[in-house]
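Data block below; observations after.
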Amino acid sequence: MHIRRVSALRGWRWVQEGFRLFLRNPLAWIVMSLALMGVMYLLSLIPYLGGPLVYLLSPIPVAGMMAGCRDLELGRELRVNYLLSGFRDGASDLVTLGGMFVIAQILIGAIFSNMAGAEWQELMKSGAAFDPKAVSPEVANRVLGAVAVGTMLLVPVSLLLWFAPTLVILDGIPAGRAMVMSLRGCLTNVVPTLIYSTAMMLLLMLVLLTLGFGIFVWLPLAIASTYRSYRDIFESQEPQPEAPANKSDA
């Protein structure tokens, strides 16, 4: 599959086009977001396994919503059951993507903990209320360094997984190759990707002004705009809506 280089302004256009896709059926998008967040919250309540399960399974509904974006552009109806379509198409590859993210988080967490030092680890294990005054300048510097390193390590992981679920479910590409293509697509379009990411982060900050309710618009926007960026970077042709049936052929 050919990876295209697009102009910097496309980063903002992805947000606009994603919002237009959201407006085609906002009620369905909001219901899907409610269902997704509800299920993920319930999974997170499972002792010990909740957090890893959320990250392990999250590529499945994300991929399903990407399939919903494609079908919405084709003139089909958007339904909540798109959240489960990933179980039918490419489930093993999608779970592999989730597993890679879990492993990456564990490794990055271990690196952070080691860099922060034993004093910080003991402070976290104590379960006491965090008091900044109890942290010495030396420990604070180590923690800041650990945060910087952890962030730098998390960026390439995010780029590897950015388009991977979409490539798996829409193009049938295996997990390993999908991650490589996702990384290549992002690195080929660093500037528009940076503009897009900045715009979405600013919009996420505005969600706080809505007491969090804006997340039910922001989440569909994130999915739909990522789909539009995928179409821009990896696809040479737009999906064509289905032609209405010709009555004379009936």
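Here the structure is a predicted model, which is why all the values come from computation and not from measurement.
Legend: residues meeting side chain to side chain contact (heavy atoms under 4.5 Å, CB included) with I46, ordered by chain and number and at least two apart, are L43, L49, L53. In this structure, the side chain to side chain donor-acceptor pair (under 3.5 Å) partners of D71, at least two apart in sequence or on a different chain, are R76, Y82. For A35, the side chain to side chain contact (heavy atoms under 4.5 Å, CB included) test picks out V80, L83, with sequence neighbours left out.
In terms of hydrophobic clustering, with Ile, Leu, Val, Met, Phe, Trp and Tyr side chains grouped at heavy-atom distances under 4.5 Å, V180 and V168 are assigned to different clusters. Hydrophobic clustering, with ILVMFWY side chains joined whenever heavy atoms are under 4.5 angstrom apart, keeps L159 apart from L194. No chain of hydrophobic side-chain contacts below 4.5 Å, direct or via other Ile, Leu, Val, Met, Phe, Trp or Tyr residues, connects I103 to L57. A single hydrophobic cluster is not seen to contain both V31 and L42; linkage of ILVMFWY side chains at heavy-atom distances under 4.5 Å, directly or through other members, places them apart. I60 and M37 fall within a single hydrophobic cluster, where Ile, Leu, Val, Met, Phe, Trp and Tyr side chains are chained together by heavy-atom contacts under 4.5 Å.
The number of heavy-atom neighbours closer than 6.0 Å to CZ of F112, taken from other residues, nucleotides and ligands shown, is above 12. Counting non-hydrogen atoms of neighbouring residues, nucleotides and ligands closer than 6.0 angstrom, the CE atom of M181 exceeds 12 such neighbours. The number of heavy atoms from other shown groups lying within 6.0 Å of CZ (R13) does not exceed 12.
A 4.5 Å side-chain heavy-atom check between L97 and L161 finds at least one atom pair inside the cut-off. Side-chain contact between L204 and M200 is absent, with no heavy-atom pair separated by less than 4.5 Å. Counting only heavy atoms from C-beta outward, the side chains of Y230 and L167 approach each other to under 4.5 Å. Residues L203 and F19 have side chains not in contact (no heavy-atom distance under 4.5 Å, counting atoms from C-beta outward). Side-chain atoms of D232 and N189, non-hydrogen and from C-beta on, never get closer than 4.5 Å to each other. Annotation: side chain of M66 is not in contact with side chain of R70 (no heavy-atom distance under 4.5 Å). Using a 4.5 Å heavy-atom threshold, the side chains of F234 and T166 count as separate. With a 4.5 Å cut-off on side-chain heavy atoms, M179 and S182 do not count as touching.
Here the CZ-CG distance, from R5 to L187, works out to 10.5 Å after rounding to the nearest 0.5 Å. Here the CZ atom belonging to F163 is positioned 4.0 Å from the CD1 atom belonging to I233, to the nearest 0.5 angstrom. Atom-to-atom distance recorded for L206:CG and W218:CH2 is 12.0 Å, nearest 0.5 angstrom. Note: N25 CG to I30 CD1 = 9.5 Å, rounded to the nearest 0.5 Å. In this structure, the separation between CG on L36 and CG on L219 is 6.0 Å, given to the nearest 0.5 Å. Distance check: F22 CZ to S33 OG gives 7.5 Å after rounding to the nearest 0.5 Å.
Checking side-chain atoms of S113 against main-chain N and O of A110 turns up no donor-acceptor pair under 3.5 Å.
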Inset, instruction - Tell me, with the steps shown, if T210 and F216 meet side chain to side chain contact (heavy atoms under 4.5 Å, CB included). - result: CA-CA 11 Å; T210 68; F216 300 113; over 6 Å; no

Inset, instruction - Go through Y196 and S225 one step at a time and tell me if the side chain to side chain donor-acceptor pair (under 3.5 Å) criterion holds. - result: CA-CA 9 Å; Y196 167 76; S225 55; 2.6 Å; yes

Legend entry - Chi angles and distances behind the side chain to side chain contact (heavy atoms under 4.5 Å, CB included) call for Y227, M65: CA-CA 9 Å; Y227 169 80; M65 294 172 82; over 6 Å; no

Inset, instruction - Report the C-alpha distance between M201 and M205 in whole Å, list the side-chain angles of each, state the deciding distance to 0.1 Å, and finish with yes or no for side chain to side chain contact (heavy atoms under 4.5 Å, CB included). - result: CA-CA 6 Å; M201 286 298 298; M205 292 173 64; 5.7 Å; no

Legend entry - side chain to side chain contact (heavy atoms under 4.5 Å, CB included) assessment of V147 paired with L144: CA-CA 5 Å; V147 169; L144 288 175; 5.5 Å; no

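Nearest heavy-atom pair across E73 and R24 is CA-NH1, 3.4 Å. Across every non-hydrogen atom of G18 and L221, the tightest pair is C-CD1, 3.7 Å. Nearest heavy-atom pair across A175 and D93 is N-OD1, 3.1 Å. Nearest heavy atoms, A178 versus A164: CB-O, 3.9 Å. In plain terms, the two heavy atoms of M40 and S58 that are nearest each other are CE-CA, 3.6 Å. Across every non-hydrogen atom of V157 and I108, the tightest pair is CG2-CD1, 4.4 Å.
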